[in-house]
Amino acid sequence: GDLSAARQSNMGATGSSTRGVWGGGQVHPANSDIIDYITFATTGNAIDFGNLTVARRNNNGTGNQTRGLFSGGQTPTNQDVIDYVTIASVGNATDFGNLSVARKTMGTASSPTRSLFAGGQTPSNSDVIDYVTIASTGNATDFGNLTVERYALQGVSNNTRAAMMGGYASPTMLNTIDYVTIASTGDAQDFG
């Protein structure tokens with residue numbers, strides 16, 4: 001199928017075992033606040049879910065089976081906004097709180113309880129790792145720091161550990177993999 005509107009520049013994406021949800025991006029030249037969703041078990045075009053609280057690009061998505069979070073991005077200024085949606089329903093995003101530092105192109109990862117937001121660009125490179133408790137709302141709390149300041153990194157996780165990999169620290173692309181234990185706080189360690 002197709003998106004509800006053609007767009008680019010890092011839409012934030014999240015989902016449950018049933019639905020995929022993504023929002024933001026750029027409908028050239030404007031930033032987008034569109035949130036779309038699909039049902040994995042079917043095929044067809046994406047369906048309008050609602051809208052983000054702030055139209056932006058280069059934002060990130062994460063969450064758990066219940067809630068999806070959309071964080072950061074740029075408008076063109078960097079944003080500290082965190083929005084949330086209930087994945088099983090439709091409707092506009094609600095303000096969750098704020099990141100500790102406004103930034104774009106972070107690495108994100110989650111357990112069923114917590115979401116992490118790592119690195120990004122502030123416009124300088126960041127090593128900040130923030131976290132929130134997904135079931136509540138409020139501002140992000142400092143978790144620790146990455147081993148290397150960088151942006152455009154990717155995150156992956158299971159219920160216990162999050163790994164943040166790659167990224168860019170101008171003028172160098174990185175092959176670094178860091179990890180943290182999601183239920184604790186502290187600086188990331190080198191994974192390999």
Side-chain angles (χ1 to χ4, degrees), residues 1-99 102-121 132 134-135 137 140 151-159 162-168:
D2 298 307
L3 298 172
S4 65
R7 51 201 198 271
Q8 63 176 10
S9 294
N10 291 4
M11 295 172 272
T14 186
S16 66
S17 58
T18 308
R19 277 187 174 176
V21 183
W22 56 90
Q26 190 175 34
V27 180
H28 197 67
N31 294 320
S32 175
D33 65 356
I34 297 168
I35 306 172
D36 285 347
Y37 77 95
I38 56 164
T39 302
F40 291 124
T42 65
T43 58
N45 293 337
I47 299 168
D48 181 57
F49 187 100
N51 299 94
L52 297 171
T53 62
V54 176
R56 57 202 195 268
R57 64 185 186 271
N58 296 319
N59 61 307
N60 294 86
T62 190
N64 61 16
Q65 291 291 315
T66 305
R67 276 189 174 174
L69 306 180
F70 299 97
S71 56
Q74 68 182 123
T75 63
T77 58
N78 291 336
Q79 297 294 300
D80 65 358
V81 136
I82 306 170
D83 291 345
Y84 77 94
V85 296
T86 301
I87 295 169
S89 66
V90 295
N92 292 335
T94 302
D95 182 57
F96 185 99
N98 299 97
L99 298 167
R103 55 203 200 271
K104 63 179 181 179
T105 61
M106 297 171 286
T108 56
S110 290
S111 70
T113 306
R114 279 185 172 177
S115 284
L116 305 181
F117 315 97
Q121 197 173 38
V132 296
I134 300 168
T137 58
Y151 68 99
L153 62 160
Q154 293 297 315
V156 67
S157 57
N158 62 15
N159 293 343
M164 301 293 172
M165 66 220 52
Y168 194 71

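All of these numbers come straight from a predicted model, not from anything done at the bench. All residue numbers refer to positions in the sequence shown, counting from 1.
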> Whether the side chain of Arg19 engages the backbone of Ile87 through a donor-acceptor N/O pair (distance < 3.5 Å, no angle test) should be reported.
yes

> If you take all heavy atoms of Ser111 and Ile134, which pair is closest and at what distance?
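Result for this residue pair: O-CD1, 3.6 Å.
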
> Looking at Thr108, Val132, Asn98, which hits side chain to side chain contact (heavy atoms under 4.5 Å, CB included) with Ser71?
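The side chain to side chain contact (heavy atoms under 4.5 Å, CB included) with Ser71 is passed solely by Thr108 among Thr108, Val132, Asn98.
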
> Compare all side-chain heavy atoms of Asn60 with those of Phe117 and state whether any distance is below 4.5 angstrom.
no

> I'd like to check Gln65 versus Pro112 (side-chain heavy atoms, cut-off strictly below 4.5 Å). Are they in contact?
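Not touching, per the 4.5 Å side-chain cut-off.
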
> Is any side-chain heavy atom of Tyr151 closer than 4.5 Å to one of Arg103?
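No, too far: nothing below the 4.5 Å cut-off.
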
> Is there any side chain to side chain donor-acceptor pair (under 3.5 Å) pair reaching into residues 42-55, and which pairs are they, with sequence neighbours excluded?
Asp33-Asn51, Thr53-Asp83

> Quick check: do Val81 and Phe70 have side-chain heavy atoms less than 4.5 Å from each other?
no

> Would you give the length of the straight line joining atom OG of Ser16 to atom CZ of Phe40, rounded to the nearest 0.5 angstrom?
6.5 Å

> Test your reading of the model: is there a side-chain donor-acceptor pair from Asp36 to the backbone of Leu3, 3.5 Å cut-off?
no

> For residues 72-79, run the donor-acceptor check on the side chains, cut-off 3.5 Å, and write out each pair with its distance to 0.1 Å, sequence neighbours left out.
{"unit_1": "Gln74", "atom_1": "OE1", "unit_2": "Asn58", "atom_2": "ND2", "d": "2.4"}
{"unit_1": "Gln74", "atom_1": "OE1", "unit_2": "Lys104", "atom_2": "NZ", "d": "3.2"}
{"unit_1": "Gln74", "atom_1": "NE2", "unit_2": "Pro76", "atom_2": "O", "d": "3.3"}
{"unit_1": "Thr75", "atom_1": "OG1", "unit_2": "Thr77", "atom_2": "N", "d": "3.4"}
{"unit_1": "Thr75", "atom_1": "OG1", "unit_2": "Thr77", "atom_2": "O", "d": "3.4"}
{"unit_1": "Thr75", "atom_1": "OG1", "unit_2": "Thr77", "atom_2": "OG1", "d": "3.2"}
{"unit_1": "Thr75", "atom_1": "OG1", "unit_2": "Gln79", "atom_2": "NE2", "d": "3.2"}
{"unit_1": "Thr77", "atom_1": "OG1", "unit_2": "Gln79", "atom_2": "NE2", "d": "3.4"}
{"unit_1": "Asn78", "atom_1": "ND2", "unit_2": "Gln121", "atom_2": "O", "d": "3.1"}
{"unit_1": "Asn78", "atom_1": "ND2", "unit_2": "Thr122", "atom_2": "O", "d": "3.4"}
{"unit_1": "Gln79", "atom_1": "NE2", "unit_2": "Thr77", "atom_2": "O", "d": "3.2"}

> Are Asn10 and Thr105 side-chain neighbours, meaning at least one heavy-atom pair lies under 4.5 Å?
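Side chain of Asn10 against side chain of Thr105, heavy atoms only: contact under 4.5 Å found.
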
> Quick check: closest heavy atoms across Asn59 and Gly23, and the distance to 0.1 Å?
ND2-O, 3.4 Å

> Mind checking the CZ-OG1 spacing from Phe96 to Thr137? Nearest 0.5 Å is all I need.
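Separation between the atoms: 6.0 Å.
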
> Donor-acceptor check, side chain of Thr39 to backbone of Ala41, threshold 3.5 angstrom: yes or no?
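Checked: no pair found.
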
> Identify, with sequence neighbours excluded, every residue that meets side-chain contact (heavy atoms from CB on, under 4.5 Å) alongside Thr94.
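Counting only residues at least two positions away or on another chain, Thr94 forms a side-chain contact (heavy atoms from CB on, under 4.5 Å) with Tyr84.
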
> Ser157 and Ala162: which non-hydrogen atoms are nearest, and at how many Å?
CB-CA, 3.9 Å

> Which residue in the set Asn64, Asn158, Thr62 passes side chain to side chain donor-acceptor pair (under 3.5 Å) when paired with Ser110?
Thr62

> Just by distance, do the side chain of Arg7 and the backbone of Gly24 share a donor-acceptor pair under 3.5 Å?
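Side chain of Arg7 to backbone of Gly24, a donor-acceptor pair under 3.5 Å: yes, one is there.
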
> Could you tell me if the side chain of Leu69 sits less than 4.5 Å from the side chain of Thr14, heavy atoms only?
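Side-chain contact under 4.5 Å: no.
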
> What are the two closest heavy atoms between Ser32 and Val27, and how far apart are they?
CB-CG2, 3.9 Å

> Within the 4.5 Å heavy-atom criterion, are Ile38 and Trp22 side-chain neighbours or not?
yes

